[in-house]
**Q** 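Got a structure for you, questions after.
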Amino acid sequence: MTSSESPEFDHLLHCVPDVGSAVAAYAAAGLPGHTNPPYLGFQNGAWRLDVRYVEILGIVDRAVFAGSPYGKAMTPMMPFVDELLAAGGGALNFAIDVTDICATADRLRSDGHEVELMTFAREGSPVSFREAFIADAPRWAPFFISYTPDRQVILDTYRGGGGNRGDHDLAGFVIETPDPAASAAWLSRLTGVPAAEPTVVPLPGAHVHFTSGPADRITTLLLSEGTPPSADISGLALRPR
């Protein structure tokens, strides 16, 4: 990891059958969110903390979505998405913000990874972003993202200067894998963030905890501040840190 990359947690994707119902469940658990109108075959909402957020995502028109830039980017992930939706929902993966996406992609390729770099820009919007996807990775693996302008500028200029996280914060999340120590070591190498202990990668913005189990996916959001709830929403658990 080069100093120019500065990796930080950006957002986590939670796939759900119905976005409105899931956002309402987040709100009932004390995590206020919002719902956006459908766009290009999908709909999303979010629990936005600050520059960090949990994206709550559903597909409303599969044919339209498949032909969209977002659907094309997610094509390799669709079997996992379908598995999650058939089970009532669940976390898909997460994004890591970096300041130099090209440097990140170059580093990953030099480490032997197969990387696809994609640019997304909505017509008429002053905001765009680039994402680097890793083909040879676990299905829970992160992708990397950078924004134009910077995500803090986007938040201050176009999103009212902040989020609405309520009384709680996101401390991290749990990934259940058959070999937690090996998975943590892999993520540490991928991100350049040294492991704090054998099964924890202290990614700035949200620490990544690994635990033993067969699911091989993100299972739990770890919450701090206030009195965090214990709840389960569309296949994703909420627990106090």
**Q** Could you tell me if the side chain of Met78 sits less than 4.5 Å from the side chain of Ile59, heavy atoms only?
**A** yes
**Q** Mind checking whether Thr211 and Thr199 have side chains closer than 4.5 Å, heavy atoms only?
**A** no
**Q** Considering only heavy atoms from C-beta outward, does the side chain of Pro142 approach that of Leu187 to under 4.5 Å?
**A**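 A side-chain contact exists here, since the closest heavy-atom pair is under 4.5 Å.
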**Q** Answer yes or no: does atom CD of Glu225 have more than 12 heavy-atom neighbours from other residues, nucleotides or ligands under 6.0 Å?
**A** yes
**Q** If you measure from CZ on Phe80 to CZ on Arg217, what distance do you get to the nearest 0.5 Å?
**A** 6.5 Å
**Q** Between Leu49 and Val153, is there shared hydrophobic-cluster membership here, with clusters defined by ILVMFWY side-chain heavy atoms closer than 4.5 Å?
**A**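 Leu49 does not cluster with Val153.
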**Q** For the backbone of Ala135 and the side chain of Glu114, can you confirm whether one donor and one acceptor N or O come within less than 3.5 Å of each other?
**A** no
**Q** Are Phe42 and Met74 packed together at the side-chain level, in the sense that at least one heavy-atom pair is separated by less than 4.5 angstrom?
**A** no
**Q** Salt-bridged, Asp82 to Arg62, with N to O below 4.0 Å?
**A**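 Answer for the salt bridge query: yes.
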**Q** Sort out for me which residue in Thr104, Thr148, Thr119 forms a side chain to side chain donor-acceptor pair (under 3.5 Å) with Arg130.
**A** Thr119
**Q** Under 3.5 Å, is there a donor-acceptor pair between the side chain of His14 and the main chain of Ile233?
**A**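 The answer is yes, because a donor-acceptor pair under 3.5 Å joins these two groups.
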**Q** Out of curiosity, does Leu40 fall in the hydrophobic cluster containing Phe129 (side-chain heavy atoms, cut-off under 4.5 Å, transitive links)?
**A** yes
**Q** Roughly how far, to the nearest 0.5 Å, is CG of Asp18 from CD1 of Ile56?
**A** 11.0 Å
**Q** Under a 4.5 Å side-chain heavy-atom rule over Ile, Leu, Val, Met, Phe, Trp and Tyr, are Val201 and Leu222 clustered together?
**A**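 Different clusters.
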**Q** Going by the angle between their ring planes, with limits at 30° and 60°, are Trp186 and Trp140 parallel, tilted or perpendicular?
**A**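 Rings of Trp186 and Trp140: perpendicular, over 60°.
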**Q** Quick check against the 3.5 Å criterion: does His34 have a side-chain atom that pairs as donor or acceptor with the backbone of Arg48?
**A** no
**Q** Under a 4.0 Å threshold between the charged nitrogen and the carboxylate oxygen, would Asp169 count as salt-bridged to Arg52?
**A**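 Asp169 and Arg52: salt-bridged.
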**Q** Roughly how far, to the nearest 0.5 Å, is the CZ atom of Phe144 from the CZ atom of Arg107?
**A** 6.0 Å
**Q** Rounded to the nearest 0.5 Å, how far apart are OH of Tyr147 and CD1 of Ile154?
**A**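 Reported to 0.5 Å precision, the distance equals 7.0 Å.
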**Q** Hey, is the main chain of His113 close enough, under 3.5 Å, to the side chain of Asp111 for a donor-acceptor pair?
**A**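 It does not hold such a pair.
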**Q** CG of Leu221 to CG of Leu236: how many Å apart, nearest 0.5 Å?
**A** 4.0 Å
**Q** Determine whether a donor-acceptor pair (N or O, by modelled atom type, separation under 3.5 Å) exists between the side chain of Ser188 and the backbone of Ala185.
**A** no
**Q** Less than 4.5 Å apart, any side-chain heavy atom of Arg241 and any of Leu170?
**A**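 When only atoms from C-beta onward are counted, Leu170 and Arg241 do not touch, as no gap falls below 4.5 Å.
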**Q** Is the side chain of Thr220 donor-acceptor paired with the backbone N or O of Leu238 at a distance under 3.5 Å, no angle test?
**A** no
**Q** Do the rings of Phe120 and Tyr70 sit parallel, tilted or perpendicular, given the 30° and 60° boundaries?
**A**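 The rings of Phe120 and Tyr70 lie parallel, inter-plane angle below 30°.
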**Q** Checking Leu223 against Leu31 for the side chain to side chain contact (heavy atoms under 4.5 Å, CB included) test, could you report, in this order, the C-alpha distance in whole Å, the side-chain angles of both residues, the deciding distance, and whether it holds?
**A** CA-CA 10 Å; Leu223 306 176; Leu31 313 180; 4.2 Å; yes
**Q** Under the 3.5 angstrom rule, does the side chain of Ser183 hit a backbone N or O of Asp179 as a donor-acceptor pair?
**A**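 Flag set: sc Ser183 to bb Asp179 pair under 3.5 Å.
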